[in-house]
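This report refers to the structure that appears directly beneath it.
All values below were derived from every heavy atom in this structure, side-chain atoms included, with hydrogens, water molecules and symmetry-related copies excluded. Since we're looking at a predicted model, the values are computed, not measured. Naming convention: chains lettered A, B, ... in sequence-line order (proteins, then strands); numbering from 1 in each chain.
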Amino acid sequence: MVLFKRDKFFSLKDMNILSVENLSKTYRSGNRELTVLDQVSFEVEQGKTLSIVGPSGSGKTTLLGLCAGLDVASAGSVRMDGKALENMNEDQRAGIRNQLVGFIFQNFQLLQTLTALENVMVPLELKKRKDAKEKAKELLVKVGLGDRLTHYPNQLSGGEQQRVSIARAFANEPKILFADEPTGNLDTETGEMVENLIFKLNEEQGTTLILVTHDLELAAKTHQSLHIKGGKIQEAIHG
Amino acid sequence: MVDWAWSIKMARREFRKTGVKLILFVSAIVTGIAALVAVTSFGDNLSKDIDEQAKELLGADLLLKKNQPIEFPEIEGIASEHALEINFASMVYFPKAGDSRLTQVRALEGDYPFYGTLETIPVNAESDFRSGGKKALVEKTLMAQFDAVVGDFIKVGNVSLEIIGALQKVPGQTGITATVAPAVYIPMDQLEASGLVQYGSRVNYNHYFLFPEPFELQALIDENKELWGEDRVNFDTVQSQKESTGRSFENLSNFLTLVAFIAVLLGCVGVGSAVNVFVKEKLPSVAVLRCLGVKALDIIVVYLVQIFFMGLLGSIIGATAGALLQFLLPIVFSDFLPVEVTVQLAWGAIGMGIVTGVMISILFALIPLLKIRKVSPMMTLRPDDQSTNIGKDPLRLFVLAGIVVFILLFSFFLLGKWDQTLWFTGFVVLSFGALWLLAMGVMKAIRTFLPISLNYPVRQALSNLYRPNNQTVSLLATIGLGTAMIGTLFFIQDQLLDEVRFADKEDQPNMLFFDIQSNQVDSMKTVLEAESLPILQHVPIITMGVSEVNGLNKKENEDLEEEERRSRSFYNREFRVTYRDSLINTEELVEGELIPYTSASDSIFVSMEEGYAERNHMKLGDEIVFNVQGRPLTTYVGSIRKVNFRRVSTNFLVVFPDKVLDNAPKFHVLITKTKDDKASAAIQNTIVRQFPNVSVVNLSMIVETLEDLLGKIGFVIQFMAFFSILTGILVLISSLLISKFQRVRENILLRTIGADRKVLIKINILEYLFLGSLAAGGGLVLSILASFLLSFFVFEIAFTLAWQPLFLVFGLITALTVFLGYVNSLNILKAKTMDILRT
């Protein structure tokens, strides 16, 4: 295990799928300024796994959002697959997300009006894949929901919904997968099953995984781990 | 570029789950579109029918009319048919009922109408009537009023005539004209015997002509126009009748279309508000789609496609309902229609209704839909994330401006005049704006000032008005505007009637006898005095014309430049003047003074009515030479009077001083005051029996006629306002259903912490009581303002607030809102506590 000081980073820049440099996020409320992320830098290699851990309000989710291009930083830069996100508008970032990124959320975030199959088809259709239906079906079978294809989210249990969410996240074979507390809303047993599924698919597809979690056991399973507190990296652990 | 294929596919998928909700949203536009299509279809059909039945409107090719006997031998020579109708106002006495009424007596000679027929029951009554003799055809409404049947007798002047038929339809006549002046047809050979055409009687001589085909009528008119003008003869042709009737009905139809358009707008406010709630519910899904890499425009298109199809569906349902509804309109408008309306599908109107519905529902839905542009994908991680201020989106302001432009263009299309268009658009924008401000103000006030000490159900009900996803604004706007329309109608109707009834309150005269010959005055006075009725006024009336004004006769006036020329009607008019040296209580001197005539060497100073003097550019000192039965009489304008024409009194444009016209041939008017309607009826019948040529106008008849008239007009407007109220109800129902889930959650939460059924019902009822009373109150304030403006500027009457209709409308609208809210709450209360855990 190698210990890193904050702002110091893994090298091998050529192999990095994500490079974060001096990233800060400040919110303004009246005359007050609140810095939720303060000059954070790190890099992640293609195919590796990284966990972001820290107490509530430490800035984990903000960091995840900025890395995934869901939000814009107040300062610093995020390069995803060599492309600087800060120079892009929301629609351009949406295009990048569709091409490179997959998401798994704590509260599953399935489209309630679509069936399990259709939820998984969406990213494939956006990529104009002709085999969207077959590929989505294949993924759902892989996550053990072959018999739940036409079910709507409210007809599925929490674990099942998260498995649909995983299938959707891996559908467009993303280069990088962001997961926000993927087991946070699940019981231990289901949580473990979902964890295994994520790591399995991650390995199969060679996807980079970046996950936010409170669960130190889960964090320990990743190649790298960032411990954040008060918006700053307290320590970065390379396993 | 929009990914149409994907967006439409997504729209289709979304629709499976949310379609029911969206159908509910667009239901709000159904009633408005139905009204719009019904009215425009009806208008289209009516205008076509007026064109096709134009000849029946006039009943002849040419009508020449004058208020003195005249012959047209040359035209009779070239015409294939000629008929003469002499008509005048006169009392008709119904002996069986022992009652009488002022009617329009029409003595007919010839086969008029040449186009169309005098429709009678029995059908053969018309041909029977034309054979002459002591027979009459009487308007059906008049017969109904006196319970008269065919075979009964009426007394017209000195003759007794048998009613041989009830008149169903007369060319050009509508239910409204029959209300004001019901017609009684008598054969020409009975006219003289009736003794009704005497000096001073206002008699019209209508000559109807039919010409052989082909005939160049315009050439005949061009040739004679000037001559007719000099002889004070007016003319009407099929074309002119068609134009004037078409014009008035186009105005009516456009007015009603505007009323229907307001209902559409109200519906669209409902759609916009419902879509707003819908979009708020959809924001998390939108954020997920943004995460998955979908462009904002593609997502907007997903929802816009659904709104488009729902708008289309709503408009088609509305248009179908409207097309069916127009079958009902001929009944609603029956009193106004001079022609038979053929009801058929007017595809133009249906198309316009559908296009309007779709366009306006999309425009109104766009305002909330544009929020989607600003949804941050961060909402997936933080549901409360609102990184952009949605309210300040300039594109939304652009859409709002688009809506105003649409209203402006649509109303201009109907009204054709920019000033009226701006008034209408201003009214709509201001009304919506006022109600919006009221709603926002109320919500803000409740948030700021709601006292914690207030009784809990009251406090909870009030705070429900600003719960998330509330529809307070849209409900206030829709129900409020509907109330405003109905309220204005009630107030104006009441105000007009009150203005007439006022006469009775202030010991004003309420009965007027006219057409009294000089030799009847004394005996009439004796009869009135015997009944202890006061002679409040005795007014002699002399008819005369004008031959010169300031030294210019009619011909010389015609030769002047247009701007210097006085109106031709001033020279053509037959003036009915009186003489006295004092003002009566309906008059007020505004300029000059009443100068008495004391000796033959004095100049004669007349007094002129203010408005008439103004219209004809007459001022103090102007010289007028009157022609009194062939004798010229030089006078000067000595004073200008303001006259209140709204009292039961005789009012004159010109008043002479005493003693000048003592020996001129004249007739008389006597004015009295009876204690009540019964006394009025009794004296009226006595006078009609003893003096058949004397006509009577009494206040109760005027009130009755006005009530009848306003009732008929009011019915049409109420019918149209009904659509606005119905739209308001639909918006209310849809908002109740939209917020049902939220209400269920709230109720279950309250039940969990110990609120019983009674408290929950109380909260629900109170919420709708507040909502309904605010909407009704806001609408009524608007209607008071509108009534005030209408009273002041249009009807020129003093504005008084009618409390009775005010409370009635307020109570009804509030009760309806509470009722619907209560019914909905019963449904919500049925939800089981466990249900919420499973959702």
*asked:* I'd like to verify something: which residue of B:Cys291, B:Ala5, B:Ala296 has the highest number of heavy-atom pairs under 4.5 Å with chain A?
replied: B:Cys291
_Which one wins on heavy-atom pair count under 4.5 Å against chain A: B:Met10, B:Arg13, B:Lys282?_
B:Arg13
_I'd like to verify something: which residue of A:Thr61, A:Ile96, A:Leu70, A:Leu114 has the highest number of heavy-atom pairs under 4.5 Å with chain B?_
A:Leu70
*Do other residues, nucleotides or ligands put more than 12 heavy atoms under 6.0 Å from A:Lys133 NZ?*
no
*For chain B, find which of A:Asn172, A:Val122, A:Leu110 contributes the most heavy-atom pairs closer than 4.5 angstrom.*
A:Val122
_With a 4.0 Å cut-off on N to O distance, would you call A:Glu173 and A:Lys135 a salt bridge?_
yes
*Do the side chains of B:Lys295 and B:Asp3 get nearer than 4.5 Å, heavy atoms only?*
no
*Considering only heavy atoms from C-beta outward, does the side chain of B:Val305 approach that of B:Val302 to under 4.5 Å?*
no
*So which of A:Lys127, A:Arg168, A:Arg93, A:Gln92 has the largest heavy-atom pair count under 4.5 angstrom toward chain B?*
A:Arg168
_B:Leu313 side chain near B:Ile316 side chain, heavy-atom distance below 4.5 Å_ = no
_Note: A:Glu90-B:Arg290 ion pair, threshold 4.0 Å (strictly below)_ = yes
_Is B:Arg16 close to chain A through its backbone or its side chain, or both, or neither, when contacts mean heavy atoms under 4.5 Å?_
side chain
*Non-hydrogen atoms of chain B under 4.5 Å away: do they reach the side chain of A:Gln112, the backbone, both or neither?*
backbone
_Shorter than 4.5 Å, heavy atoms on both sides: which option in A:Asp180, A:Thr115, A:Leu126, A:Asn98 has the most such pairs with chain B?_
A:Leu126
*Under 3.5 Å, side chain of A:Lys25 to main-chain N/O of A:Val72, donor-acceptor pair present?*
yes
_Heavy-atom contact with chain A under 4.5 Å, split by part of B:Val288_ = side chain
*Side chain from CB out, backbone as N, CA, C, O: work out which of these in A:Phe178 comes under 4.5 Å of a heavy atom of chain B, or both, or neither.*
neither
